[in-house]
Amino acid sequence: MSDPLTAAIKALDDYMAALNRGDESGVNAACNFPHVRLAGGKVVKVDRVEWVTMADAQTAMNALQSGDIDFVENPSFDTLSILEADKDIKVEKIDDFTVKVIFAKPTPFQLIRNALPALSSVVPKHIYEKISAEELPNYLADDNVSGGPFQIVERKEGEFIRLVQNPNWFGKKPAMDQLIFRTFETAEAQYNALKAGDLDAVDDVPGKIFATIMAGDEPNITGIAGNQGSFSELAMNSSCPTGIGDGHVALKDPNVRRAINWSLDRQLMVDKILNGFGKPAVGISAAANPAFDYQVAADQTYSYDPAKANALLDEAGWIDTNGDGVRDKDGVELKLRYFDRSVGGGSDTTPFITGFLKDVGIATDVKTFDEDSLAAIQSKSEFDLYTWGWSPYADPDNMLSNFTSSAVPTDPAVGGYNDGNWCNAEYDALYAQQHVELDPVKRADLIQQMHKIFVNDGPYAVLYKYDNLQAFRSDRWQNFERQPAEVGPIMFTQTSSAYLNLEPVSGDSGGGGGTNTIVVIGIALVAAGVVFTLVRGRRKKSADDRA
C-alpha cells in the first residue's frame, strides 16, 4: 500500500475518532477539511471519481483481501451519521487522478458528496505521523498544511487569523492575496468597524442595525439576510422507555406536548426577538436546502391557539383543581423545569414561552446555564423543557438521524443527539428507508412522512428559522455567492467557494489598507493585491453540532 494511502487511512481513523466523540476541533485538525492532499504537502486534483455499489460488505472485504482494493475505512457514525450504517467503504486507485469508491449498499448521491471530505483528504505523513490520537484535538495546524486556496500564516488568540494564497493550489486563483479573520467583543463594535472601513464584511449584524441597512440608510454597505436552515426549538423530555432521565410525567403524553405547541405565538417571537428577520416554523429544518422542510399548509398544523391548547390539556386530565392557576392531576402539579442558555441570545425566548405556558395553566421553574452545563444535563435527560437550536447540513440524513431511537441518551457519559428523549418505531423505519433510497422523489416523500410523525408527536416545539444577518462593503467587493442559492447567507456557508470567487470592485484595491486584503469580522479575507477582512460573531455550535 502506497505512503499516500497509508497516510489517508491514518487521517480517516483520526477523523472518525474525533467525529464520534463530538470533537469539532479534532475533526478539523484530522483532515484539514475539506481538500485533497498528498504526502509531503503537494496538492493534486482528483478529476474523476467512479462510484460502484457492491452487493454486500463481505464482497467488498474480499476485494480488499485479494488486493483489488487499496484502501478501506470502516466508520462508525451512529447518531453523527453521514453514512450511518455504511461500515464498509473502499477506495481503489485507478490512476494518479482517478479513484473508485465502493459502497457496501445503495447510498444517495448527496450523502456521497457529504462523505467526500473524509474519503478524499490525504495529509502529509511526515507531519501527521508525529501526532498521536490524544494530541490531535489540540493540534493547531500552524505549519501551513493546506489543500485549499489559502493557508494560515499567522494567528493571534482572540484577535485574528491571517491567511495568504496557497502557492500549491491547483484551482482558480483567488482575487485576494490575503484573508484575515478578526475577532471583536461585540456585534456592535464589529459593525462600527465595517462602517469606518476597517472591515470588508461582517456576520451577526444586530437586528436593529440591520434594519437601517435594509432601509438604505448606510451607503456603500449591503445587507444580506440569508437562511441556511438554522432554527431554534423548545425540546420536551418525552421519556423514551429505552432512555434515561427524569422528565415530568405529563410530557409522556403527546397531547400535552401538542398543547404546548398550540400555546406558542411564533410570529410574535419572530417580530420581537428577530426583528422580523426569520419566519415561524413548526418542523425541523432537515437540511440547509429549504426543499427538505416540512411541506404543510398553514391551516393544517400548529398556530397560536390557546383555546385548543387548553382543550387538549383538559382532555389529558390536567385540570386546575384548586384555582391557583396551575393545572394538576393525581396530586401532581403541571410545573415544568425550564432550562435555557446564558450566551448567544439563549434566553431571549424564555419570557415569551413561559408567559404563553402560564396562560394555559403550565407553571415553569426557570434556570439558566452555560452551554457546557446545559449539554451535560441534556446528556442525562434530566430536564423537562429546554431551548437550543440547530444548523443542519446540506443533506437531511444527518439531522433526521438525530431523532431516531438509537440517538436517545442511554449513558450520561456519552449522551445522545435525540434531546427530546423521544422514540418512534415508525419514524425509525422511515429513516432507514430514506437512508438507502436512490430515487430523489421517493426519498423526499419518505422524509415528508418523517416530518409529519415528528411534528404530530411533538417532542419539539420548533419556534422559528432565523436568518444569518450579514453585511459587506459593496464599494469594495462584488460577486458574493449565496448558499443555498438565492436564499442563503454569503459567508460561513456549507461550501468553500465563498471567498474564492470574490472580486474587488473595479478601481478599488480592497480593504484592510494597502494590498488586496479582505477583512471579515471574526474572519478576514485578502484579495490578490487586496486584503478582505471579516469578523465572525455568529451563534456558535457547542462541542457537538448544535447552533
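Computed from a predicted structure; not experimentally measured. Just so you know, these numbers use all the heavy atoms, side chains as well, and skip hydrogens, waters and symmetry mates. We count residues from 1, following the sequence as given.
The minimum heavy-atom distance linking Gln478 with Pro504 is given by the pair NE2-O, 3.4 Å. The two residues Met491 and Val202 come nearest to each other via the heavy atoms CE-O, 3.2 Å. Nearest approach of Gly278 to Val270, heavy atoms of both residues: O-CG1, 3.6 Å. The two residues Gln151 and Gln165 have their closest heavy-atom pair at OE1-O, 4.2 Å. Minimum interatomic distance between Leu385 and Met236 (heavy atoms only, all atoms of both residues): CD2-CG, 3.7 Å.
For the atom pair Asp384 CG and Thr364 OG1, the distance stands at 10.5 Å (nearest 0.5 Å). Taking OG from Ser401 and CG from Asn418, the interatomic distance works out to 9.5 Å, rounded to the nearest 0.5 Å. Rounded to the nearest 0.5 Å, atoms CD (Glu159) and CD (Glu154) are 10.0 Å apart. Atom CG of Asp475 and atom CG of Asn220 lie 4.0 Å apart (nearest 0.5 Å). For the atom pair Ser391 OG and Gln228 CD, the distance stands at 6.5 Å (nearest 0.5 Å). Separation of atoms CE (Met450) and OG1 (Thr404) is listed at 8.0 Å; rounding is to 0.5 Å.
Below 30°, between 30° and 60°, or above 60°: for Phe454 and Trp422 the angle between ring planes is above 60°, a perpendicular geometry. Under the 30°/60° scheme for interplanar angles, the aromatic rings of Tyr417 and Trp390 are found to be tilted.
For the residue pair Asp370 and Ser373, a side-chain donor N or O sits within less than 3.5 Å of a side-chain acceptor on the partner. Side-chain N/O atoms of Thr368 and Asp340 include a donor and acceptor closer than 3.5 Å. Of the N and O atoms on the side chains of Asp271 and Gln267, at least one donor lies less than 3.5 Å from an acceptor on the other residue. There is no side-chain donor-acceptor pair under 3.5 Å between Asn261 and Tyr460. For Asn237 and Arg257, the side-chain atoms include no donor-acceptor pair closer than 3.5 Å. Using modelled atom types, one finds a donor on one side chain and an acceptor on the other under 3.5 Å when comparing Asp203 with Gln470.
With Gln300 contributing its side chain and Ala297 its backbone, the two residues share no donor-acceptor pair below 3.5 Å. No donor-acceptor pair under 3.5 Å is formed between the side chain of Asn275 and the backbone N or O of Phe277. His451 contributes no side-chain N or O that, together with a main-chain N or O of Ala286, makes up a donor-acceptor pair within less than 3.5 Å. With Asp293 contributing its side chain and Ser285 its backbone, the two residues share no donor-acceptor pair below 3.5 Å. Arg266 places a side-chain N or O within 3.5 Å of a backbone atom of Val462 that can act as its donor or acceptor partner. Without hydrogens or angle criteria, Asn227 side chain to Pro489 main chain gives no donor-acceptor distance under 3.5 Å. When atom types are taken as modelled, the side chain of Trp477 and the backbone of Phe480 share no donor-acceptor pair closer than 3.5 angstrom. For the pair Asn166 (side chain) and Asn168 (backbone), a donor-acceptor distance under 3.5 Å is present. One N or O on the side chain of Arg258 and one on the backbone of Asn456 form a donor-acceptor pair closer than 3.5 Å. With Arg476 contributing its side chain and Gly197 its backbone, the two residues share a donor-acceptor pair below 3.5 Å.
Ring centroid separation for the pair Tyr302 and Trp262 comes in under the 6.0 Å cut-off. In summary, the aromatic rings of Phe231 and Tyr464 are positioned with their centroids too far apart to meet the 6.0 Å limit.
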Quiz item: Can you list the steps and then say if Asp395 with Arg443 is a salt bridge (charged side-chain N to carboxylate O under 4.0 Å, His left out)?
Solution: CA-CA 12 Å; Asp395 185 84; Arg443 186 175 183 228; 2.8 Å; yes

Quiz item: Between Arg337 and Asp365, is a salt bridge (charged side-chain N to carboxylate O under 4.0 Å, His left out) present by the stated rule, with each step listed?
Solution: CA-CA 5 Å; Arg337 295 166 297 175; Asp365 179 14; over 6 Å; no

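Taking the side chain as every heavy atom from C-beta outward, Asp467 and Leu274 never approach each other to under 4.5 Å. Looking at Phe210 and Ile224, their side chains never come closer than 4.5 Å, going by heavy atoms from C-beta outward.
When each of Thr349, Asp359, Leu336, Val366 is tested with Thr354 by the rule side chain to side chain contact (heavy atoms under 4.5 Å, CB included), just one qualifies, namely Val366. Each of Trp388, Phe383, Phe369 was scored for a ring pair (Phe, Tyr, Trp, His ring centres under 6.0 Å) with Phe339, with one residue passing: Phe369.
Other residues, nucleotides and ligands contribute only 12 or fewer heavy atoms inside 6.0 Å of the NZ atom of Lys156. Open room surrounds CD on Glu157; 12 or fewer heavy atoms of other groups in view lie less than 6.0 Å from it.
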